[in-house]
Protein chains: 2
Amino acid sequence: MTILDRWGEGVTATIYDVARHAGVSVATVSRVLNGLKVREDLVERVRETVLRLNYTPSRTAQRMRKSTSHLWALIVPDFENAFFTRVARGVEEICQPRDTCVFIGSSDDDPEKERRYLEVALAERVGGVVITPSSDTTDLTRIVSAGIPVVVVDRAVPNGAYDTILTDNMAGGRLGAEHLLGQNLRTVACVVGPENPTSQARLEGFLSAAKASPAIDIVRIERGNNRLDGGYRAMQRIIQSEARFDAVFVTNNLMAVGIIKALGDMLPERRNDIPVVGFDLDEIPLLSGACIASINQDPHEIGRIAGERILLQQAGTPPVCSIALRPTLVATAGLGYP
Amino acid sequence: MTILDRWGEGVTATIYDVARHAGVSVATVSRVLNGLKVREDLVERVRETVLRLNYTPSRTAQRMRKSTSHLWALIVPDFENAFFTRVARGVEEICQPRDTCVFIGSSDDDPEKERRYLEVALAERVGGVVITPSSDTTDLTRIVSAGIPVVVVDRAVPNGAYDTILTDNMAGGRLGAEHLLGQNLRTVACVVGPENPTSQARLEGFLSAAKASPAIDIVRIERGNNRLDGGYRAMQRIIQSEARFDAVFVTNNLMAVGIIKALGDMLPERRNDIPVVGFDLDEIPLLSGACIASINQDPHEIGRIAGERILLQQAGTPPVCSIALRPTLVATAGLGYP
DNA sequence: CTGAAAGCGCTAACAC
DNA sequence: GTGTTAGCGCTTTCAG
């Protein structure tokens, strides 16, 4: 009984089936598949048999022998955030031509969920891990000591000797403050993300540049969860505090959306007079508002570089690079109002 | 030389290392790991050793023996479209508790790219494939004959005997037409996605319900690529044709964004008077417009059900179910204008 | 240049 | 209960 008789039962041909049907040894089949030197007529016979049996080599088995994996892990805080899907695109750009796939895990900023994804990445012996750590406590040492390349993106790990690709977040914060100063807006409410280096750096950059003279008056600083609802609620709290403010600075894109929504709901008469300055708002389609400025990172580029660093580490380059991309501020009137 | 001496060189402990250090056989280690009956003190010793050696079983090796895979593939036309990231969330909800991961491929509606992802899924011998086929020519037979569960989502495959989860798109189209009729809007331009069953059904549903009396006058039908730029350009063509229309019907979410952008750019004075009816606009944060109606699917539910069907197929259920979810129309004034 | 055979790390019979 | 061992499907020496 050959593989052909078992057709349709959910079986896949193995390299032995191919060898048998082609009348050669498995070694020869393997060589043909891997492009090594084999006599022309045998190559032909093997190729033909591969096609006839619909043979696809098992990567699982391949991975056991060679120890290179065609599977990478991308672990991000929120893959519903367009910023991270664009990072994923950047990584994909590197993977695709190498027949490599990326599995994506969304940690939702939950250290436990993140830990489980890291565990899976380790168990799968992936070829590389690209991660935005949920917090300072994220443990990447096991991955590293297993010899798996790791690249940290978007958020630095304090004291970590990892390849790191991120944006100069301090500079981003400063850019935001300078923009507001330029517009002569000096009474500002801030909405900041969870306590991680990125949120922190953006806020710090903002605060440092806000110390101009005359300085920006920071009327309130609220924390949020980097998602739409967090921004909405933070804005609610600010409005309810009855603090007076004439602009809002926010450290993340989705929270900006929530903020604008809250402004529309709670202060409809002022909604067009309160400029919002946030990060990566260009990833939000059609975001509209009276006066919005976006401090833009380049997520696609971040992903692409991360992918390249994975490749370099696979080739033996030690992980010591830290790349900070410069953000750019784009002021926009949004879609515009009549 | 034990595993401990090789520490830090990028090696991982194997089950043999654990067995040796714990003074038991590999079978015992395996049993402990898989929760089979083992003497208490041995369990203890193995557990302790596993921790000490930082041992993580290789799923690659596991997959070679058992043939169950903890890795699924999700292949969608565009994972930057929030609709599909929500589908992914639904699938994840099923996977997560089973320690299973999903790798996501974006076919970008390119049959060749899709074919490559399917090839990878097959080579990886994934535990299941959830796919939105890029076109009628998508070949899923190889996956199926390898015994891999397949669930088709969002777009049916004509004549395909696959589990299929989608929305009743005809009904969605009808809903759109009825909404416009109810508003007494009877001069409508349509923007339709690429030629696939889903776009087609939505248009057909719309056209059939548009034949009321008095009927809706379809002034123009344009095709687009289901992405923002496609909607923008389709709207440009419509406007340039100088056709008169007082509402727009569009079969996809991102194109609706493009349309609204084009309206704002090209007909700023009318932009608030032209209602747009589209699908899944609730996935677009803050989408605003004079009068928008969204025909909503439930992507999370689609993904969840798809995940469950994968599980059922893994358990032996033949793939014969076809589930059509009912869409709901939500009319909204968007963010509202002052 | 080709084939036979030894593993990669694990599980599951099969013996003890 | 526990240990020994034969594979899972592949790559890669090592002989021929």
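Every chain is numbered from 1 and lettered A, B, ... according to where its sequence line falls, protein lines coming before strand lines. Because the structure is a prediction, the values reported are computed rather than measured.
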J.: Rounded off to whole Å, could you give me the CD1-to-P distance for the B/Ile15 and D/dA6 pair?
T.: 17 Å

J.: Could you check B/Ser25 against A/Leu36 and say which one's nearest nucleotide on DNA chain D is further toward the 5' end?
T.: B/Ser25

J.: Choosing from D/dC10, D/dT2, C/dT11, which nucleotide comes nearest the side chain of B/Arg125?
T.: D/dC10

J.: Would you mind reading off the distance between B/Arg65 atom CZ and C/dC10 atom P, rounded to a whole angstrom?
T.: 13 Å

J.: What is the separation between atom CZ on B/Arg20 and atom P on D/dG3, rounded to the nearest whole Å?
T.: 15 Å

J.: Between B/Ala61 and B/Ala27, who's closer to the 5' end of DNA chain D by nearest nucleotide?
T.: B/Ala27

J.: What contact category does A/Ser30 fall into here, base, sugar-phosphate, or nothing, at under 4.0 angstrom with non-hydrogen atoms?
T.: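 Touches a base.
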
J.: Between B/Arg89 and A/Ser106, is the side-chain contact (heavy atoms from CB on, under 4.5 Å) condition met? List the steps.
T.: CA-CA 9 Å; B/Arg89 279 281 193 201; A/Ser106 191; 3.3 Å; yes

J.: Could you check how far CG of A/Asn34 sits from P of D/dT12, rounded to whole Å?
T.: 7 Å

J.: How many whole angstroms separate atom CZ of B/Arg59 from atom C1' of C/dC8?
T.: 19 Å

J.: Which nucleotide wins on minimum distance to the side chain of A/Val26, given the candidates D/dC10, C/dA5, C/dG9?
T.: C/dA5

J.: Provide, to the nearest angstrom, the distance between the OH atom belonging to B/Tyr16 and the P atom belonging to C/dC10.
T.: 9 Å

J.: Tell me whether the OP1 or OP2 atom of C/dG9 has a side-chain N or O from B/Gln62 closer than 4.0 Å.
T.: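 No, no such contact exists.
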
J.: Is A/Arg31 touching bases, backbone alone, or none of the nucleic acid, heavy atoms closer than 4.0 Å?
T.: base

J.: Using a cut-off of less than 4.0 Å, is there contact between a side-chain N or O of B/Tyr55 and OP1 or OP2 of C/dC10?
T.: yes

J.: Only one of A/Thr317, A/Thr164, A/Val153 clears side-chain contact (heavy atoms from CB on, under 4.5 Å) with A/Arg309; which?
T.: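 Only one of A/Thr317, A/Thr164, A/Val153 forms a side-chain contact (heavy atoms from CB on, under 4.5 Å) with A/Arg309, namely A/Thr317.
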
J.: Distance check needed: D/dG1 P versus B/Lys37 NZ, whole Å only.
T.: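 Taking NZ of B/Lys37 and P of D/dG1, I get 6 Å after rounding.
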
J.: Hey, is the main chain of A/Arg45 close enough, under 3.5 Å, to the side chain of A/Thr49 for a donor-acceptor pair?
T.: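 Yes: the side chain of A/Thr49 pairs with the backbone of A/Arg45.
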
J.: Rounded to whole angstroms, how far apart are NZ on B/Lys66 and P on D/dG9?
T.: 16 Å

J.: Is it true that atom CD of B/Glu40 has more than 12 heavy atoms of other residues, nucleotides or ligands lying nearer than 6.0 Å?
T.: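 It does not: B/Glu40 CD has 12 such atoms or fewer within range.
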
J.: Could you go through A/Gln96 and B/Tyr117, starting from their C-alpha distance and side-chain angles, then the distance that decides it, and tell me whether this counts as side-chain hydrogen bond (donor to acceptor under 3.5 Å, both in side chains)?
T.: CA-CA 9 Å; A/Gln96 184 83 11; B/Tyr117 272 121; 3.1 Å; yes

